[in-house]
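Quick caveat: nothing in here was measured; it's all calculated off a predicted structure.
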Amino acid sequence: TGFIRVNKPLDYENINEYHLIVTALDGQYSNDTNVHIKVLNRNDMKPEFYNKGKEYTAKLKEEEIPTYPILQVSAFDPDIQDRQAPQKITYFLDKTNEISSHFDIDANTGALRIVRPLDRDRPNGYPVWSIYVYAKDSFTEETGDQSPSLENFVEVKITLNDINDNAPFLNMPDGLVWYENQQPGTVGTLIAEDYDTPENGGPFKFSLAKEAAKKIKDKFNVVREGANQYVLTTKDVFDREAQKEYQIPITIEDNKGLAATSILKLIIGDRNDNPMRPGTSRILVYNYEGRAPDT
């Protein structure tokens, strides 16, 4: 019949034109003709990033908003063989990701900027921020055949250097206990934490807050023991029946001088120092039409 059929799928990116020699033979005589088959390009390949799939990285100080782009991603469309030709790539961020609200990207150049400060420290920050940048092509076949756009993505990791922006705080959620009727002495060791890195953290300095009430200063003191240990001491004998709990303001300072005040809860423990006394209780039980269960 002379029909030429495709034996397996053709790939424009591998071979975009075929040159065939077809021979016609009648059993005695033959003749040849040249057949040229051009493969039409379709948008069947996702954009590729020039970093070959590896993540992009950057380093900067936390809480800073640079006036310049922190990095630039770049991709090409494998469907366009000429790398010098316009690649028709559009860059964007995933707007459904809350982290993306801290960034802005130039849709044409892939330049990434910070528009909201990045926090390194707990409880809401991250030492390394990770987002994904997407690249979408818009390849259109010369014949007018519109192919669907394809997307690819790459990870961007931003490592933040710490600044001393967090004051230390007491890490003693259960507080301390000191029993009533005891002679003045050492209650316990004070423990603090700092969300900053160790370079901007301890050793810490503890003291009674200047704004502490006079009755707190008359009953308590903060004393240094050893190189970097501080303890709470008492100056008085306590009666639980008079007051069961004290809220003691403690000022804590890090090694760079940044300080803040935390509240230490001190419970006065009970001793069996009160004799029993006769007592009575009056209990009323309402039994409407006899429907209540036995009580």
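Here the shortest heavy-atom pairing between Glu245 and Ile267 reads OE1-CD1, 3.5 Å. Taking all atoms of both residues into account, the shortest heavy-atom contact from Asn108 to Asp106 is N-OD1, 2.9 Å. Between Val39 and Leu10, the shortest heavy-atom distance links the atoms CG2-CD1, 3.9 Å. In plain terms, the two heavy atoms of Pro249 and Ile216 that are nearest each other are CD-CG2, 4.4 Å. Pro117 and Ile65 make their closest contact through CD-CD1, 3.7 Å (heavy atoms, listed as atom of the first residue, atom of the second, distance). Closest heavy-atom contact between Asp137 and Ser149: O-OG, 2.9 Å.
Taking a 6.0 Å sphere around NZ of Lys256, one finds it holds more than 12 heavy atoms contributed by other residues, nucleotides or ligands. Atom CD1 of Ile21 sits in a sparse spot, with 12 or fewer heavy atoms from other residues, nucleotides or ligands closer than 6.0 Å. Counting non-hydrogen atoms of neighbouring residues, nucleotides and ligands closer than 6.0 angstrom, the NZ atom of Lys235 exceeds 12 such neighbours. Within a 6.0 Å sphere centred on NZ of Lys217, other residues, nucleotides and ligands contribute more than 12 heavy atoms. Applying the 6.0 Å contact sphere to CD of Glu98 captures no more than 12 heavy atoms from other residues, nucleotides or ligands. The neighbour count for Tyr68 OH, taken as heavy atoms of other residues, nucleotides or ligands under 6.0 Å away, does not exceed 12.
Considering only heavy atoms from C-beta on, Glu13 comes within 4.5 Å of Met45 through its side chain.
Using a 4.0 Å cut-off between charged side-chain N and carboxylate O, Glu63 and Arg116 make no salt bridge. One finds no salt bridge joining Arg113 and Asp104 here, because no Lys/Arg side-chain nitrogen approaches an Asp/Glu carboxylate oxygen to under 4.0 Å.
Donor-acceptor pairing under 3.5 Å is recorded for the side chains of Asp254 and Asn164. For the 3.5 Å distance criterion, the side chains of Asn14 and Asp11 qualify, holding a donor opposite an acceptor. A donor and an acceptor atom, one from each side chain of Asp32 and Thr23, are located under 3.5 Å apart. No donor-acceptor contact under 3.5 angstrom links the side chains of Asn16 and Asn41, judged on distance only.
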message: Please determine whether salt bridge (charged side-chain N to carboxylate O under 4.0 Å, His left out) holds for the pair Glu180 and Lys244, giving the CA-CA distance in whole Å, both sets of side-chain angles, and the decisive distance to 0.1 Å.
response: CA-CA 9 Å; Glu180 62 178 341; Lys244 299 179 180 180; over 6 Å; no
task: Begin from the C-alpha positions of Leu190 and Leu232 and carry the test side chain to side chain contact (heavy atoms under 4.5 Å, CB included) through to its verdict.
output: CA-CA 7 Å; Leu190 299 177; Leu232 179 72; 4.3 Å; yes
task: Using the side chain to side chain contact (heavy atoms under 4.5 Å, CB included) rule, take Thr197 and Arg120 through it: C-alpha gap first, then chi angles, then the decisive distance, then the call.
output: CA-CA 10 Å; Thr197 57; Arg120 183 195 182 281; 3.5 Å; yes
message: With side chain to side chain contact (heavy atoms under 4.5 Å, CB included) as the criterion, how do Ile163 and Glu64 come out once you've worked through the C-alpha distance, each side chain's angles and the decisive distance to 0.1 Å?
response: CA-CA 10 Å; Ile163 62 174; Glu64 282 190 350; over 6 Å; no
field: From CA spacing to verdict: side chain to side chain donor-acceptor pair (under 3.5 Å), Thr251, Thr261
entry: CA-CA 4 Å; Thr251 297; Thr261 298; 3.1 Å; yes
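Note on Phe103 and Val128: separate hydrophobic clusters, where clusters join Ile, Leu, Val, Met, Phe, Trp and Tyr whose side-chain heavy atoms are under 4.5 Å apart, directly or indirectly. Side-chain heavy atoms closer than 4.5 Å link hydrophobic residues (I, L, V, M, F, W, Y) into clusters, and following such links, even through other members, never connects Val35 to Leu40. Hydrophobic clustering places Leu264 together with Leu208 (ILVMFWY residues linked when any side-chain heavy atoms are closer than 4.5 Å, directly or through intermediates). Following chains of ILVMFWY side-chain contacts shorter than 4.5 Å, one can reach Leu176 starting from Phe220, so the two form part of one hydrophobic cluster. Put simply, Ile99 and Leu60 are part of the same group of oily side chains (I, L, V, M, F, W, Y) that touch within less than 4.5 Å, one to the next.
When atom types are taken as modelled, the side chain of Ser262 and the backbone of Leu170 share a donor-acceptor pair closer than 3.5 angstrom. Here the side chain of Asp196 pairs a donor or acceptor atom with the backbone of Asn166 at under 3.5 angstrom. Side-chain N or O atoms of Glu151 include none that pairs as donor or acceptor with a backbone N or O of Ala135 at under 3.5 Å. Trp129 places a side-chain N or O within 3.5 Å of a backbone atom of Asp119 that can act as its donor or acceptor partner. One N or O on the side chain of Asn255 and one on the backbone of Gly202 form a donor-acceptor pair closer than 3.5 Å. A donor-acceptor contact shorter than 3.5 Å is absent between the side chain of Arg122 and the backbone of Gly125. Looking only at distances, a side-chain donor or acceptor of Ser100 sits under 3.5 Å from a matching main-chain atom of Asp94. With hydrogens and angles ignored, the 3.5 Å screen pairs a side-chain donor or acceptor of Arg83 with a backbone N or O of Ile80. One N or O on the side chain of Thr1 and one on the backbone of Phe3 form a donor-acceptor pair closer than 3.5 Å. No donor-acceptor pair under 3.5 Å is formed between the side chain of Gln87 and the backbone N or O of Ala75.
Atoms NZ and NZ, on Lys214 and Lys219 in that order, are 10.5 Å from each other to the nearest 0.5 Å. Between the CG atom of Leu71 and the CD1 atom of Ile158 there is a distance of 6.5 Å, given to the nearest 0.5 Å.
Residues Phe204 and Tyr230 keep their aromatic ring centres 6.0 Å or farther apart. Aromatic ring centroids of Phe238 and Tyr179 lie 6.0 Å or more apart. Ring-centre distance between Tyr91 and Tyr134: not below the 6.0 Å cut-off.
The side chain to side chain contact (heavy atoms under 4.5 Å, CB included) test applied to Asn152 returns Lys46, Pro47, Phe49, not counting sequence neighbours.
Ring geometry for Phe169 against Tyr195 counts as tilted: the plane angle lies between 30° and 60°, on a 0 to 90° scale.
Tyr12 does not carry Arg42 over the face of its six-membered ring by the limits of under 6.0 Å from the centre and within 45° of the normal.
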